[in-house]
Engineer: 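Before anything else, here's the structure in question.
All figures in this text were calculated on a predicted structure; none of them were measured in a lab. So you know, we letter chains A, B, ... as the sequences are listed, proteins then strands, and number each from 1.
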There are 2 protein chains.
Amino acid sequence: MPKDIGDVDVATVEDVVALMRARGGRATSSRRILLEVLFEAGNHLDAEDIAEAVQLRSPDVHISTIYRNLEELQRLGVIVHSHLGHGPATYQLASLAHAHFICERCGLTIEAPDEIFKGLARTARTKLGFSIDPRHFAILGICAQCS
Amino acid sequence: MPKDIGDVDVATVEDVVALMRARGGRATSSRRILLEVLFEAGNHLDAEDIAEAVQLRSPDVHISTIYRNLEELQRLGVIVHSHLGHGPATYQLASLAHAHFICERCGLTIEAPDEIFKGLARTARTKLGFSIDPRHFAILGICAQCS
DNA sequence: GTGCTTGCAAACGTTTTGCAGACTC
DNA sequence: GAGTCTGCAAAACGTTTGCAAGCAC
């Protein structure tokens with residue numbers, strides 16, 4: 001699966017900080033801590049989860065700062081967000097993004113390997129001229145247990 | 001593509017009203033008008049669109065009544081809702097539901113034919129035991145014009 | 001009359017915004 | 001010092017809920 005438009009490969013917190021400074025941004029400690037959390041943590045973190053983790057290291061970082069920095073990091077292509085259901089969006093490093101299957105009955109979340117979309121990607125491109133990126137919204141359905 | 005769990009085939013407003021009464025519900029005029037709107041209108045109507053259309057015929061119907069009735073109609077399997085982007089959900093008759101491809105750049109919405117998902121559906125079932133219903137969340141990507 | 005349904009207002013959860021002060025460069 | 005970034009409060013957005021009055025049966 002192709003990366004999202006604008007995805008950037010960055011391996012460390014300092015890489016991203018350098019990128020932000022190169023664009024005229026400042027290297028603030030909220031940003032560094034937010035990035036540390038994103039690099040260390042697992043997937044499927046929503047803004048609230050991230051805020052809690054950041055606040056363990058710096059209690060006064062406000063959730064609006066989290067949102068503003070998440071937005072900026074998306075503009076830079078460092079992270080992406082996805083919608084796994086009706087709740088809050090989840091954020092992850094762009095390089096780790098993947099699609100999800102979610103069971104409508106039990107909520108089970110399966111991280112879908114990219115190969116599974118190869119056929120659909122080819123058909124959508126040849127029949128509709130459309131290049132899919134199946135990672136933004138989850139695909140609902142019924143899991144093995146529930147069916 | 002299989003229908004959503006609980007989908008019901010109903011051809012007319014009166015069919016649905018009869019169904020609701022059979023379950024102990026009342027045949028109110030807000031409900032009839034809401035159903036008329038759903039049967040007459042095109043796809044991709046959000047709650048606000050529906051409320052406006054209903055209010056042309058009965059100005060005092062409140063949007064909370066619209067939401068309550070939409071929810072009940074979903075419980076009965078008469079309609080489904082889908083998420084085409086970051087805005088409000090859209091509602092349609094379950095029998096007309098279909099998947100969507102949406103361009104991340106220009107917003108173009110393609111109504112995806114069900115056959116296009118056959119391969120993915122088979123792979124997901126055999127590899128993951130998961131039966132997909134690709135109609136709830138749109139699939140993002142880049143359209144022919146934008147790429 | 002029973003009890004489902006409605007309108008209204010108020011709350012909800014998530015996200016965005018305006019502003020004045022604080023910080024980075 | 002210029003301009004970015006922050007915390008806070010408040011608003012925005014789509015949706016849900018509590019309640020008392022209204023309506024279908």
Side-chain angles (χ1 to χ4, degrees), chain A residues 13-14 16-35 37 44-52 54-55 57-76 79-91 136-138, chain B residues 13-14 16-35 37 44-52 54-55 57-76 79-91 136-138:
Chain A
V13 170
E14 289 310 316
V16 183
V17 171
L19 178 62
M20 298 185 98
R21 293 180 67 176
R23 308 256 182 144
R26 269 92 210 252
T28 65
S29 65
S30 340
R31 282 181 177 170
R32 244 185 268 266
I33 297 170
L34 169 51
L35 286 164
V37 167
H44 310 155
L45 288 126
D46 65 32
E48 199 94 45
D49 297 332
I50 296 170
E52 277 168 29
V54 168
Q55 286 159 1
R57 306 187 202 180
S58 181
D60 288 343
V61 175
H62 197 269
I63 191 143
S64 66
T65 300
I66 303 286
Y67 275 111
R68 280 192 271 234
N69 282 325
L70 288 172
E71 196 193 343
E72 176 68 4
L73 290 169
Q74 289 182 92
R75 280 209 312 104
L76 294 177
I79 64 172
V80 295
H81 76 271
S82 28
H83 299 275
L84 305 188
H86 287 172
T90 62
Y91 297 83
H136 190 81
F137 287 111
Chain B
V13 170
E14 288 310 317
V16 184
V17 171
L19 178 62
M20 297 184 99
R21 292 180 69 177
R23 309 254 182 146
R26 269 85 210 257
T28 66
S29 64
S30 342
R31 280 180 179 171
R32 243 185 269 266
I33 298 171
L34 169 50
L35 286 165
V37 167
H44 310 155
L45 289 127
D46 64 33
E48 200 93 45
D49 298 332
I50 295 170
E52 278 168 28
V54 168
Q55 285 159 1
R57 306 188 201 179
S58 181
D60 287 342
V61 175
H62 197 269
I63 190 142
S64 66
T65 299
I66 303 287
Y67 275 111
R68 280 192 270 234
N69 282 325
L70 288 172
E71 195 192 344
E72 175 68 4
L73 289 169
Q74 289 183 94
R75 280 209 312 105
L76 294 177
I79 64 173
V80 295
H81 76 271
S82 28
H83 300 275
L84 304 187
H86 286 171
T90 62
Y91 297 83
H136 190 81
F137 287 112

Engineer: Can you measure B:H86 atom NE2 to C:dT14 atom C1' for me and round it to whole angstrom units?
Structural biologist: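 About 12 Å, once rounded to whole Å.
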Engineer: Taking the minimum atom-to-atom distance to the side chain of A:R68, which one of C:dC8, C:dG18, C:dT14 wins?
Structural biologist: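 From the listed options, C:dG18 comes nearest.
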Engineer: If you look at every heavy atom in A:L84 and A:A138, which pair is closest and at what distance?
Structural biologist: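 Shortest heavy-atom separation between A:L84 and A:A138 comes out as CA-CB, 3.9 Å.
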Engineer: If you look at every strand shown and take non-hydrogen atoms under 4.0 Å, does A:D46 touch a base, only sugar-phosphate, or nothing?
Structural biologist: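 No contact at all - A:D46 keeps every heavy atom at 4.0 Å or more from the nucleic acid.
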Engineer: Could you label the plane-to-plane angle of the B:H136 and B:H81 rings as parallel, tilted or perpendicular, counting under 30° as parallel and over 60° as perpendicular?
Structural biologist: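 Geometry flag for B:H81 against B:H136: perpendicular rings.
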Engineer: When the distance from CG of B:N69 to C1' of C:dC4 is rounded to whole Å, what number comes out?
Structural biologist: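 It is 11 Å, rounded to the nearest whole Å.
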Engineer: What pair of heavy atoms forms the shortest contact from B:A51 to B:I63, and how long is it?
Structural biologist: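 Closest heavy-atom pair between B:A51 and B:I63: CB-CD1, 4.0 Å.
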Engineer: In this structure, how many angstroms lie between the P atom of C:dT14 and the NE2 atom of B:H83, rounded?
Structural biologist: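 Atom NE2 in B:H83 sits about 14 Å away from atom P in C:dT14.
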Engineer: Is there a side-chain polar atom (N or O) of B:S64 under 4.0 Å from OP1 or OP2 of C:dG7?
Structural biologist: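 Result: no.
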Engineer: Under 4.0 Å from OP1 or OP2 of C:dT15: is there any side-chain N or O of A:Y67 that close?
Structural biologist: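 Looking at the OP1 and OP2 atoms of C:dT15, one of them is under 4.0 Å from a side-chain N or O of A:Y67.
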Engineer: Of all nucleotides in DNA chain D with an atom under 4.0 Å from a non-hydrogen atom of chain A, which is the first and which the last going 5' to 3'?
Structural biologist: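 Contact boundaries, 5' end first: D:dG3 to D:dC8.
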Engineer: What integer distance in Å separates B:L70:CG from C:dT5:C1'?
Structural biologist: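 These atoms are roughly 15 Å apart.
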Engineer: Please answer whether the main-chain N or O of B:A27 pairs with a side-chain N or O of B:R21 as donor and acceptor at a distance below 3.5 Å.
Structural biologist: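 Not a single qualifying donor-acceptor pair exists.
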Engineer: Whole angstrom is fine here: how far is it from CD in B:E71 over to P in C:dT5?
Structural biologist: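 Spelled out: CD on B:E71 to P on C:dT5 is 12 Å.
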Engineer: Could you give the distance from CD1 (A:I33) to CD1 (A:I50), rounded to the nearest 0.5 Å?
Structural biologist: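 The CD1 atom of A:I33 sits 13.5 Å away from the CD1 atom of A:I50.
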Engineer: May I ask you to decide if the ring planes of B:H83 and A:H86 are parallel, tilted or perpendicular, using 30° and 60° as cut-offs?
Structural biologist: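 Taking A:H86 first and then B:H83, their aromatic rings stand perpendicular (interplane angle over 60°).
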Engineer: Once you round it to whole Å, what is the distance between P of C:dA9 and NE2 of B:H62?
Structural biologist: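 After rounding, the reported distance stands at 7 Å.
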Engineer: How long is the line joining CZ of B:R31 and C1' of C:dT6, in whole Å?
Structural biologist: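 Distance check: B:R31 CZ to C:dT6 C1' gives 10 Å.
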Engineer: Please report the distance, rounded to the nearest Å, between CD in A:Q74 and P in C:dT15.
Structural biologist: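 Rounding to the nearest Å, CD of A:Q74 and P of C:dT15 are 10 Å apart.
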Engineer: Write down the protein N/O and nucleotide N/O pairs, taken from nucleotides 22-24 of chain C, whose separation is under 3.5 Å; answer none if there are no such pairs.
Structural biologist:
unit_1 : atom_1 : unit_2 : atom_2 : d
C:dT24 : O2     : A:R26  : NH1    : 2.9

Engineer: I'd like to know if the side chain of A:R31 and the backbone of A:R26 have a donor-acceptor N/O pair within less than 3.5 Å.
Structural biologist: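 Answer holds: yes.
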Engineer: Provide the closest heavy-atom pair for B:S30 versus B:V61 in the form atom of the first, atom of the second, distance.
Structural biologist: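 Shortest heavy-atom contact: CB-CG2, 4.1 Å.
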Engineer: Partners of B:E71 by side chain to side chain contact (heavy atoms under 4.5 Å, CB included), sequence neighbours excluded?
Structural biologist: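 Counting only residues at least two positions away or on another chain, B:E71 forms no side chain to side chain contact (heavy atoms under 4.5 Å, CB included).
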